[in-house]
Each structure stands twice: as C-alpha cells, then as structure tokens.
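For clarity, every value in this text was computed on a predicted model and none was experimentally measured.
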Amino acid sequence: MSDAGKSRALFLALLALAEGPKHGYEISSWVSAKSAGFFTLSFGALYPILHKLEQDGLARGSWDNSGGARARKVYALTAKGKKALADERSSYRELALAFDRLLGESKG
Amino acid sequence: MTFDDVLGELESRVDLPYPERALVIDELAGELDAAYCAARDQGLDEPAAREAALKALALDASAIATLEAVHLPAVRRALARLPAPLRGWVDSLAAAAPLFGFILYTFYEVPLLTFFREGGLAVWLLLALGGLAVLLELHRAVVWLVLRDHSAASLRRDTSTPLYLAAAALLVGLQGAALGYYVILGLWAEGRLEGVRLKEALREPLPNVVVATTIAALVVLLHGVIKAALRALRVPQPPKEPRT
C-alpha cells in the first residue's frame with residue numbers, strides 16, 4: 001500500500017472508532033457501509049494500522065468475551081487518538097475544499 | 001481447511017516475537033469467527049460462510065511485513081542500525097560477556113586456581129564441557145529473551161545439547177574424583193600415605209565433585225528457567241515449523 005493509501009486507511013480506522021469501540025471486522029464493515037462501498041479496508045491493510053494505533057497510544061485494545069465462540073479484540077480511541085482524529089479531519093476537510101475549488105474551476 | 005489449520009499456518013509464517021504472535025493469532029481467530037457469523041447472518045451456508053471468512057482474512061506478504069515491522073522489539077530495532085558484520089556477533093558477545101566477567105571476578109577475588117589445580121586434569125576438562133553448556137544457555141537467553149528472536153531458525157536451536165554437556169561434565173567430575181580416591185587409597189594401602197599427608201590427599205579429588213555438581217546444577221537451572229520463560233511467552237513447544 002502507498003503512503004497516501006496508508007494515511008487514508010488510518011484516517012478511516014480513526015473515523016470508525018470515533019463512533020465507539022469496535023473490533024477489526026466491525027471497523028471494516030462500518031467503513032464499507034458508511035462509504036456505500038466506495039472505501040474498503042481489507043484485514044491485511046487494517047491489522048497493521050490497528051496495531052500501530054495501539055502502539056502509538058492512539059487506540060486501546062481490550063478483549064471482549066461476550067459474543068461468538070472466540071474472544072475478540074476491541075479497539076477504542078484514547079484522548080490522544082481523538083486529538084489525532086481532529087487534526088486528520090481538519091486536514092482532510094481542507095483537502096476536500098481544495099479539490100472542490102479545483103473541480104469547480106475546471107467545470108467552468 | 002479448518003480455521004485452526006489456517007491460523008496455524010499463519011503462526012508459522014509470521015516472524016513476530018512471542019507473546020505478540022500468539023495474541024495476533026488470537027485476534028485473527030476472533031475476527032474469523034466474526035466474519036463467519038456475519039456471512040451466516042447474510043444467509044450463506046456453512047461452507048460458503050467459511051470460505052467468505054477465510055477470503056476476508058487473507059493477509060498478503062506486504063501486510064505481514066508491516067505487522068512484523070510494527071512489532072519489531074526495540075533492541076532489534078537498535079541492532080538494525082549496526083553494520084551487518086558486527087550485528088552477527090552481538091548476541092554471541094552478549095552471551096559470553098557475563099560468563100567471562102564471572103570467570104575474571106572469581107579468578108581475581110577467590111583463590112580458585114589453587115582449588116582447580118588440586119582436582120587435576122579432570123577439572124579442566126569438566127570446566128570446558130560445563131563452560132560450553134553455560135555459554136549455550138546464555139546465548140539462548142540473549143537471543144530468545146533479550147533480542148526476542150522467535151523465528152523458526154532461532155527456535156530450532158531449542159535442543160537438549162547443554163543438558164548432555166552438563167551430564168558429560170558431571171560424569172567427568174565424578175569419575176575424576178573416583179579415580180583420585182582409587183589412587184589415594186592404593187597409596188594408603190601400600191603405607192605410602194600417612195598422617196597429615198593422607199588428610200591432604202583425601203581433600204584433593206573433592207574439587208572435581210564440587211565443580212561438576214555446581215556446573216551441572218547451574219545448567220539444569222538455566223535450562224529450566226529459559227523453558228519456563230518461553231512457556232510464559234506462549235512460544236509453542238516444540239516450535240512450529242514453517243510449512244512449504
């Protein structure tokens with residue numbers, strides 16, 4: 001995955017976790033459902049990101065034994081993670097605005 | 001192929017230190033279960049749901065490499081900055097340093113040389129065998145517990161060789177002492193050893209027993225502690241071999 005792809009996958013994972021604690025499969029399903037299938041996060045892309053988030057203190061993992069045959073690792077955003085998400089969100093908003101201006105100009 | 005087969009294959013393929021490797025496999029097992037349940041909820045039959053879950057889980061080489069990089073222990077990360085030829089020697093030097101430190105300390109602080117000399121040639125032979133056994137155990141401790149290299153190649157060194165060396169050292173020590181007493185008792189029977197000289201002579205073979213039992217016990221203890229540490233880290237015993 002390219003650096004831009006990794007950065008986008010990280011943002012998508014942070015966004016998913018902003019709505020509440022989730023395990024990997026839930027994060028992947030949430031991204032796909034919310035973007036109407038435009039973005040997909042494969043497990044292969046997602047796991048290294050979740051582990052990096054945990055290592056950097058942006059997310060905290062805990063084991064949930066309540067559902068299913070096996071325990072699932074659930075991730076939740078930490079205060080540091082929420083701050084990182086706010087920064088990422090504003091930078092993506094600026095990017096979207098810039099693209100919007102560019103696309104608007106090219107239309108005319 | 002069952003989920004356990006797939007996870008077992010993945011566990012042997014991923015070069016992560018334990019317990020992180022075991023925890024990643026536990027996590028993936030939970031995700032497989034979640035993906036399978038979701039596929040069943042969507043109306044897929046059991047084989048189709050299993051296939052869908054396995055397809056979702058697929059970790060390609062790049063994902064595995066990223067996971068390995070994320071979990072690379074700090075010590076190995078620091079070592080990676082060293083020049084390659086030096087890197088290969090670090091674990092051996094780190095293992096040998098405490099042993100040489102101990103040897104130097106005892107030679108300077110304790111009159112050990114005299115003690116060893118009294119035991120005769122057997123002491124030097126058992127010291128060589130026992131020293132090699134201790135060195136092997138220290139090397140394993142450095143590689144598995146400090147550098148946390150739990151690759152298949154590294155775990156393949158998990159043999160009983162140090163225990164055999166310790167047993168050989170013990171045998172040499174006991175035989176050396178027994179032969180020493182055989183000679184002394186022979187001299188005594190011939191009337192060539194008496195009084196103070198006899199008492200001194202009876203003491204001479206003892207270093208063989210003392211050194212041999214100490215080294216053998218030390219090796220067995222080190223071996224046991226390292227094995228217990230590996231079990232605590234969830235390293236499979238015997239280690240999983242990568243499947244081809």
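- Interatomic distance, CZ of A:Arg70 versus CZ of B:Phe3, reported as 8.5 Å (0.5 Å rounding).
- If you measure heavy-atom distances from B:Ile64 to chain A, you find no contacts under 4.5 Å at all.
- In this structure, A:Arg60 places its CZ atom where only 12 or fewer heavy-atom neighbours from other residues, nucleotides or ligands lie under 6.0 Å away.
- Heavy atoms only, all atoms of each residue included: A:Pro48 and B:Thr66 are closest at CB-CG2, 3.6 Å.
- Taking A:Lys52, A:Glu26, A:Gln55 one by one and counting their heavy-atom pairs under 4.5 Å with chain B, the maximum is reached by A:Gln55.
- Residues of residues 15-25 of chain A that come within less than 4.5 angstrom of chain B, heavy atom to heavy atom, are A:His23, A:Gly24, A:Tyr25 in numerical order.
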Begin with the C-alpha distance, continue with both residues' side-chain angles, and end with the deciding distance and a verdict on side-chain contact (heavy atoms from CB on, under 4.5 Å) for A:His51 and B:Glu27. CA-CA 11 Å; A:His51 287 223; B:Glu27 185 176 357; 2.9 Å; yes
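- By the 6.0 Å contact criterion, CZ on B:Arg81 is open, its count of non-hydrogen atoms from other residues, nucleotides or ligands being 12 or less.
- Between the CG atom of B:Asp26 and the NZ atom of A:Lys73 there is a distance of 10.0 Å, given to the nearest 0.5 Å.
- Crowding of A:Lys83 atom NZ: a count of heavy atoms from other residues, nucleotides or ligands under 6.0 Å not exceeding 12.
- A donor and an acceptor atom, one from each side chain of B:Glu31 and A:Tyr47, are located under 3.5 Å apart.
- Interatomic distance, CG of B:Leu32 versus CZ of A:Arg72, reported as 10.5 Å (0.5 Å rounding).
- When the shell of 6.0 Å around CH2 of B:Trp89 is examined, it contains 12 or fewer heavy atoms from other residues, nucleotides or ligands.
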